[in-house]
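Structure first, then comments.
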Amino acid sequence: MRRTLVCLALACLASPAAAQRTDTRLEVGATGTLRIDSQRGTIRIRGGAGRELHVLATHDARTRVDVRRAESGARIEVEQRSGAGVDFEIVVPRGWAVNVDGLQTSVTIEDTEGDVDVENVGGSIVVRGVRTARLETVHGSVQVSDVRGSVHAESVNQAIRISNVVGDVTAESVNGAVLLTGINAGAVDASSVNGRIEFTGSIADRGSYTFDTHQGDVIVNVPAATNADVSVATHNGSIEADFPVQVRGDVTRRGELRFQIGRGGAVLRAESFNGAIRIRRADSRTR
Amino acid sequence: MTDRWTDRLSAYLDDELGAEERAQLDAHLTECVPCRTTLAELSRVVERARALPAATEPTADLWPRILEHIETADVVPIGPARERSTKRFTFTLPQAIAAGLALLLAGGLTARFALGPGASDQPVALVEESPNVAPTGVTFARYQPPVELERRLVELESALNAARGRLDSETIAVIEKNLAIVEAAVEEAIQALNRDPANDYLRAHLDRTLRVKVDVLERATTLAGAET
């Protein structure tokens, strides 16, 4: 009986499914780019003080994780010989850029304060506290916050949530909502086909703001002091405005109404084929 | 199978290949069924494009008269007049346009109109085809997408069909679901545009939605590693 138990224990240890850890620490420069390519699993990256890159990977015995210095920083490659994923916990020096190429990989990046580029197929993408973000996924959701530069986010099948950004924003979904809050940008372009679009943020006098969907409402919450030339269009929906709106014989594009908020200036376009367009004062308490 | 010839088929049709490359592609076509299928589809697109009439001027343009009725007042207030008021005023755009149309139709005017390819800077063609008379007596035009866009869609759909086996079943299901969503939106916009051919918003919206379809197909074919 005792021999059987020992054999089972040894078999478990040798099993490909048994979890292994690859723990790597590299002294690196103050700036650089971490490139990571992992097809399955999770990746959590956070920024840290100092000049150490710390990679802790949990994986099965048939998977090999290779962490090495590269000309531009560091590179992590995964040789996955089984269907099992790899779970990464990574600390990069703050200010480093991060470039992730995933497949069925959930990615979380926090407080790295550098540029972030993530391409994924499945799995969610969560990014917070970075300089710029470029995020693309097919059927994962995208959530971005606290960015001090531009954000570009795409998800074919899920919602995109972007908040607290000082920088230009482009966000595109096919089957998900695009929800933007706390946006301070000179240019915003948000679109969906089958989702609603909601924007809350400031409008720069010479900025450009475009919101477009086919099936869903477009809700634009802007400050009372906004100066914008607004064009709105819908086919089967309605148009509501909290602002005192006057149309001055300016129905210049067929199927579209144009009007001015404040002194005009910014270009604000909101369109929905089947949904309502709501231009709201952000301080409105009516809804 | 998709192969390196897939994206040369358009040039082949347009007679832009050199003699050697053309001969190679001719030889390839004798043994590659997917390429022959794609070539046939592209040929149909090109034939249809050739059959398009030159820019057709509308025989009557309703819009100026509609606008005239809408603009009877110099300033039309449609929102709350008081600066701090939070009361909302709701209206629908089709209602406004329908009102203008009703004014015209009440006067016994029956109009016939169509837009040609040159009528807008948006690359969208509207051609008259088998007149479809609405209850109002207005004759509608039938929408056709821009030829280059349609050609690109055929190429991408062909490439995706050939390479779909390289994508996992979940991703293919998601792609197909989203393509169906886009196609439903496109169809809805086409029907609306056929009923209201002078509507610039509908044309621009349709154009954008078709480009979303191109984007989704490009994403899918890139994931599948297909050559397009």
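Throughout, a chain's letter reflects where its sequence line sits, starting with A, and its residues are numbered from 1. Only heavy atoms go into these numbers, but all of them, side chains included; no hydrogens, no water, no symmetry mates.
- In summary, the side chains of A:H235 and B:E188 do not present any donor paired with an acceptor at a separation below 3.5 Å, with no hydrogens or angles considered.
- Within 6.0 Å of atom CZ in A:R40, more than 12 heavy atoms from other residues, nucleotides or ligands are found, so the atom counts as buried in its surroundings.
- Neither the backbone nor the side chain of A:S192 has a heavy atom closer than 4.5 Å to any heavy atom of chain B.
- Contact of A:V174 with chain B is made through backbone and side chain together, with heavy-atom distances under 4.5 Å.
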**Request:** Please report the C-alpha distance between A:Q104 and B:D168 in whole Å, then the side-chain angles of each, then the deciding distance to 0.1 Å, and finally whether the side-chain contact (heavy atoms from CB on, under 4.5 Å) criterion is met.
**Result:** CA-CA 10 Å; A:Q104 304 297 337; B:D168 66 89; 3.5 Å; yes

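- A:T137 and B:R219 get closest at one heavy-atom pair: O-NH1, 3.2 Å.
- To the nearest 0.5 angstrom, A:S173 atom OG is 7.5 Å from B:N178 atom CG.
- In plain terms, the two heavy atoms of B:A192 and A:F273 that are nearest each other are CB-CZ, 3.7 Å.
- Neither the backbone nor the side chain of A:E119 comes within less than 4.5 Å of any heavy atom in chain B.
- Residue contact with chain A, scored on non-hydrogen atoms closer than 4.5 Å, is absent for B:L167.
- In this structure, the side chain of B:Y201 does not engage the main chain of A:L257 through any donor-acceptor pair within 3.5 Å.
- Looking at A:T213, only its backbone comes within 4.5 Å of chain B, counting heavy atoms on both sides.
- You'll find the side chain of A:D212 reaches within 4.5 Å of the side chain of B:H205, heavy atoms only.
- In this structure, A:E256 and B:D200 have side chains that are not in contact, with every pair of non-hydrogen atoms separated by 4.5 Å or more.
- For chain B, the option among A:N194, A:N274, A:L103, A:I277 with the highest count of heavy-atom pairs below 4.5 Å is A:N274.
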